Amino acid sequence: MGETWAQLGSLIASMMFLWAMFDQYFPYHLRNSILSYGKKLVSLVYPYIQITFQEFTGEYLKRSEAYAAIETYLSARSTREAKNLRAQVVKDSSQSVQLSMDENEEVKDEFEGVKLWWSIKKNTPKTQSISVYPELAEKRYYKLTFHKSHRDFVCGTYINHVLQEGKAITVRNRQRKLCTNNPSQGWHYYKATKWSHVTFEHPATFDTLAMDKGKEYYAKIGKAWKRGYLLYGPPGTGKSSMIAAMANYLDYDIYDLELTTVKDNTELRRLLIETTSKSIIVIEDIDCSLDLTGQRKKKKEKEKDEVTKDPVSKMTKGEEESNGKVTLSGLLNFIDGLWSASGGERLIIFTTNFVEKLDPALISRGRMEKHIELSYCGFEAFKVLAKNYLDVDSHQLFATIGHLLEETKMTPADVAENLMPKSLDEDAETCLKNLIEAIKTAKEEARKKAEEEAQLKEEKEEKEKQEAAQEDVKVDESLAKEVKENGVEVVKDDKALTKEAKGNGVTA
């Protein structure tokens, strides 16, 4: 037995010596040729194929998206099967730490009856060097091993499944964000970003809204995968809460676009490119954001008058405006032009308190597919609020409140404010009575306001009548004066003609 181990040790030592001689002294091209033919010989008896996925490929210092997706896909399986794990902190994720298998570990996967093996390897450089980015010196890669009879299935179906599932897991685990655009003056600083964000944790929810068509449908009809919503109604009717509920239901990020900080259409396009898929782009109070209302004709007429009166100031103003601003055309391009196809799975939402002020081109049905009016609180909306705030499904005061809401305009925000208990001593009945008093007060205020408006209107009409009567009197006096003056001149002319005729010896 001892002789056998001695022979085996001698054989291994000889092989190591021969490999060292081969690796160091054989010419590079000859060595590659021998290794290439050696792999071909091995492939005749070894029926497995291997595919590697490098961690860093393509652009310098950019981590491969395929590698990240595979790492996420294998995370749960690695946690169950691998003995050596590697932990790393993940930014913008609900899971602060992600576990993956360490170097030289292997896990098995099975998909549609096909068995596959994943392992992670690391290439360590032979020569030591000092690098600013040491993680690039040791190049890690995933190796996928499978039987050669499954080549077409793995290359066509399995790899695509792994990448899509890995990205889907990342989306599910991500920490949703509420973003707002930064002023463009700071875009060019080191590590500056066009969007800043906070964690989105709004509690509003509802289960009645979703994108009813998928990506394939939008590709079939030749449209970008997005939807446009116009939310309009008085202040306090729940437009912002509805946006939050949509984001919570769809699990989307929110990009709150402040148009007043965007200098021109180019910056608007850059901001659009920086947004991610599965997001809601919101422009609140679009009627106040920019001069995009439906008064283009009147504006042109006014500008024409200004040019006639003061062409020099108009030229100066034109030079200032030409320096850049967001135009209606640029915003329309943002919604459904060529640049709108730069990403998919987006919602674009406008909100406004005065829908009649918006330009028809901005809110046409082809751009804003859904126009949703959020009006004053009705009885059904009140019952939902009562359930949410007081946990009450029915009460004897409901009929009174329903009758008052039919006669009085009150926003859901005002109703909710009055339903909310102000202290621990207030019960549901007290809050409902407070709401009834608030509605009665609002009704009385509305009545007084209507009377004041009617009185002001009557006074205005009376004043206009008086002014019209005074104008008529002035016109009559002016005409009378003119007639009187014309009569005196006629008499003077007759006397002058008579005197002239006598001087010429002519008698009447």
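Note that the coordinates shown come from a computational prediction; the quantities given were computed from them, not determined experimentally.
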**Student:** Do L257 and L259 have side chains that approach each other closer than 4.5 Å (heavy atoms only, starting at C-beta)?
**Tutor:** yes
**Student:** K433 and E429: salt bridge (Lys or Arg N to Asp or Glu O under 4.0 Å), yes or no, with the steps?
**Tutor:** CA-CA 6 Å; K433 288 180 179 179; E429 185 169 349; 3.5 Å; yes
**Student:** When you look at L397 and L435, which way does the side chain to side chain contact (heavy atoms under 4.5 Å, CB included) test go after all the steps?
**Tutor:** CA-CA 10 Å; L397 295 177; L435 176 60; over 6 Å; no
**Student:** Given side chains that start at C-beta, do those of V384 and E380 come closer than 4.5 Å, heavy atoms only?
**Tutor:** no
**Student:** Quick one: does any side-chain atom of D285 pair with a main-chain N or O of D287 as donor and acceptor, under 3.5 Å?
**Tutor:** no
**Student:** Ring centroid separation for F53 and Y67, is it under 6.0 angstrom?
**Tutor:** no
**Student:** Are any of the side-chain nitrogens in E274 or R270 under 4.0 Å away from the carboxylate oxygens of its partner?
**Tutor:** no
**Student:** Considering non-hydrogen atoms only, spot the tightest contact between S78 and V107 and give its length.
**Tutor:** CA-CG1, 4.1 Å
**Student:** Rounded to the nearest 0.5 Å, what separates atom OG1 in T351 from atom CD1 in I243?
**Tutor:** 5.5 Å
**Student:** Among all residues two or more places apart in sequence or in another chain, which pass the side chain to side chain contact (heavy atoms under 4.5 Å, CB included) test with N160?
**Tutor:** Q164
**Student:** Below 4.5 Å, heavy atoms only, C-beta onward: do T430 and D427 meet side chain to side chain?
**Tutor:** yes
**Student:** Of all the heavy-atom pairs spanning S279 and T276, show the shortest one and how long it is.
**Tutor:** OG-O, 2.6 Å
**Student:** How far apart are the closest heavy atoms of T237 and S375, and which atoms are they?
**Tutor:** CG2-O, 3.3 Å
**Student:** Is the CD atom of E444 crowded by more than 12 outside heavy atoms at less than 6.0 Å?
**Tutor:** yes
**Student:** Show the numbers, then the answer: is there a salt bridge (Lys or Arg N to Asp or Glu O under 4.0 Å) between E451 and K448?
**Tutor:** CA-CA 5 Å; E451 290 178 356; K448 290 180 179 179; over 6 Å; no
**Student:** Do you know the tightest heavy-atom contact between I120 and D102?
**Tutor:** CG2-O, 2.8 Å
**Student:** Any salt bridge between D109 and R77, counting N to O under 4.0 Å?
**Tutor:** yes
**Student:** Show the atom names and distances, to 0.1 Å, of all donor-acceptor pairs under 3.5 Å that link a side chain in residues 405-421 to residues at least two apart or in another chain.
**Tutor:**
unit_1	atom_1	unit_2	atom_2	d
E407	OE1	K443	NZ	2.5
E407	OE2	H403	NE2	3.0
T408	OG1	L404	O	3.2
T411	OG1	D414	N	3.3
T411	OG1	D414	OD2	3.1
N418	ND2	D414	O	2.7

**Student:** Counting only heavy atoms from other residues, nucleotides and ligands, does the tally under 6.0 Å from NZ of K387 exceed 12?
**Tutor:** yes
**Student:** Would you give me the side-chain donor-acceptor pairs under 3.5 Å for residues 452-468, sequence neighbours excluded?
**Tutor:**
unit_1	atom_1	unit_2	atom_2	d
Q455	NE2	E459	OE2	3.3

**Student:** Do S240 and E284 get their side chains close enough for a donor-acceptor pair, meaning under 3.5 Å?
**Tutor:** yes
**Student:** Counting C-beta onward and ignoring hydrogens, is there a side-chain heavy-atom pair between L390 and L432 closer than 4.5 Å?
**Tutor:** yes
**Student:** For the backbone of K263 and the side chain of E267, can you confirm whether one donor and one acceptor N or O come within less than 3.5 Å of each other?
**Tutor:** yes
**Student:** So Y158 and F111, would you call those rings parallel, tilted or perpendicular, with 30° and 60° as cut-offs?
**Tutor:** tilted
**Student:** Heavy-atom distance under 4.5 Å between the side chains of M101 and N84, does that happen here?
**Tutor:** no
**Student:** Between the side chains of K239 and N353, does any donor sit under 3.5 Å from an acceptor?
**Tutor:** yes
**Student:** Where the side chain of H371 meets the backbone of M368, is there a donor-acceptor pair that is under 3.5 Å apart?
**Tutor:** yes
**Student:** Fit a plane to each ring of W118 and Y142, take the angle between them on a 0 to 90° scale, and name the class: parallel (under 30°), tilted (30 to 60°) or perpendicular (over 60°).
**Tutor:** perpendicular
**Student:** Could you measure the distance from the CD atom of E437 to the CD1 atom of I439? Nearest 0.5 Å is fine.
**Tutor:** 10.0 Å
**Student:** If you measure from NZ on K422 to SG on C431, what distance do you get to the nearest 0.5 Å?
**Tutor:** 6.5 Å
**Student:** Under the criterion ring pair (Phe, Tyr, Trp, His ring centres under 6.0 Å), I'd like the reasoning laid out for F398 against F382: C-alpha separation, chi angles, the key distance, then a yes or no.
**Tutor:** CA-CA 9 Å; F398 273 25; F382 156 73; 5.0 Å; yes
**Student:** Would you say the side-chain atoms of R346 pair up with the backbone N or O of T275, donor to acceptor, closer than 3.5 Å?
**Tutor:** yes
**Student:** State the CD1-CG distance between I169 and L74, to the nearest 0.5 angstrom.
**Tutor:** 9.0 Å
**Student:** Pair L385, C377 - check side chain to side chain contact (heavy atoms under 4.5 Å, CB included), show working.
**Tutor:** CA-CA 10 Å; L385 293 172; C377 187; 4.3 Å; yes
**Student:** Rounded to the nearest 0.5 Å, what separates atom CD1 in I401 from atom CD in Q396?
**Tutor:** 10.5 Å
**Student:** Determine, step by step, whether Y229 and L347 satisfy the side chain to side chain contact (heavy atoms under 4.5 Å, CB included) criterion, reporting the C-alpha distance in whole Å, the side-chain angles of both residues, the deciding distance to 0.1 Å, and the verdict.
**Tutor:** CA-CA 7 Å; Y229 290 87; L347 297 181; 3.7 Å; yes
**Student:** Any non-hydrogen side-chain atom of K370 less than 4.5 Å from a side-chain atom of L230?
**Tutor:** no
**Student:** Under a 4.5 Å cut-off applied to non-hydrogen side-chain atoms, are V392 and K383 in contact?
**Tutor:** no
**Student:** Less than 4.0 angstrom from a charged side-chain N to a carboxylate O is my criterion; do D253 and K278 meet it?
**Tutor:** no
**Student:** Could you check V282 against I254 for side chain to side chain contact (heavy atoms under 4.5 Å, CB included), going step by step and ending with a plain yes or no?
**Tutor:** CA-CA 7 Å; V282 180; I254 295 180; 4.0 Å; yes
**Student:** What is the distance from atom CD1 of I283 to atom CD1 of I349, rounded to the nearest 0.5 Å?
**Tutor:** 11.0 Å
**Student:** Could you walk me through whether R86 and E71 pass salt bridge (Lys or Arg N to Asp or Glu O under 4.0 Å), step by step?
**Tutor:** CA-CA 11 Å; R86 182 165 55 92; E71 187 173 52; 3.4 Å; yes
**Student:** Measure the shortest side-chain to side-chain distance between I348 and I280 over non-hydrogen atoms and say whether it is less than 4.5 angstrom.
**Tutor:** no
